[in-house]
Amino acid sequence: MTTAWSKNGIRGWIQTFRDGEVRVSFAVWIRDVDASGYFDDLDAAYEEGERVLSACLPEIEESPLAGRLVEVQQQAAGEDDFIAVRKWASGGQILTAGVIQQDTDLPVMVVIALQEPGPAST
């Protein structure tokens, strides 16, 4: 089940999965596709997303939460949909900050997500 909202240019989602996993995500930057439904310069959109992500990372790494975060190793190539990503663990939860485009005709976004794996995943 997904609940979504948008306010002042930020989109948010709360997703609950069958296995009990819960994920809260915020898109803090969105670069939408052109009128054609695609990007004139996809690499430029990815690079812009990576710059925005780099600007967001200090907000996480210098936050009061930072002392409880342990950076986790990234998944093997192809297992993640992210163009650029950083992940941390804290108390069984995973915090992810990354640039993502879920399909060629969808926006490129910088997403910050907190997920708590369900009982079946632990």
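Values below: all heavy atoms of this structure, side chains included; hydrogens, waters and symmetry mates excluded.
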For this session: Check whether V52 and V99 end up in the same hydrophobic cluster, where Ile, Leu, Val, Met, Phe, Trp and Tyr are linked by side-chain heavy atoms less than 4.5 Å apart.
Result: yes

- prompt: Are F26 and I94 co-members of a hydrophobic cluster defined by side-chain heavy atoms under 4.5 Å apart?
  reply: no

Looking only at heavy atoms, the pair that brings A66 and E61 closest together is CB-O, 3.1 Å

Margin query: For R11, I'd like to know if atom CZ has over 12 heavy atoms of other residues, nucleotides or ligands within 6.0 Å.
Written below: no

For E21 and D19, the nearest pair of non-hydrogen atoms, with its separation, is N-OD1, 2.9 Å

Quiz prompt | Within one Ile-Leu-Val-Met-Phe-Trp-Tyr cluster: I30 and W13, side-chain cutoff 4.5 Å | solution = yes

Between G98 and L53, the two heavy atoms sitting closest are N-CD1, 3.8 Å

Tightest non-hydrogen contact, residues V110 and G49, listed as CG2-O, 3.4 Å

Closest non-hydrogen atoms of V108 and W29, given as atom of the first, atom of the second and distance, are O-CZ3, 3.7 Å

Rounded to the nearest 0.5 angstrom, the CD-OG1 distance for Q15 and T2 is 4.5 Å

Correct closest heavy-atom pair for P117 and G92 would be CD-O, 3.1 Å

Checking V24, I60, T96, I10 against I112 for side chain to side chain contact (heavy atoms under 4.5 Å, CB included), the one that qualifies is I60

Rounded to the nearest 0.5 angstrom, the CD-CD1 distance for E47 and I83 is 11.0 Å

Do any N or O atoms from the side chain of Q101 and from the backbone of L106 form a donor-acceptor pair under 3.5 angstrom? yes

Salt bridge (Lys or Arg N to Asp or Glu O under 4.0 Å) with R86: of E50, E71, E59, only one passes, and it is E71

*Cluster check V22, F17: I/L/V/M/F/W/Y, side chain < 4.5 angstrom*: no

Common cluster, V72/V111, ILVMFWY with side-chain heavy-atom separation under 4.5 Å: no

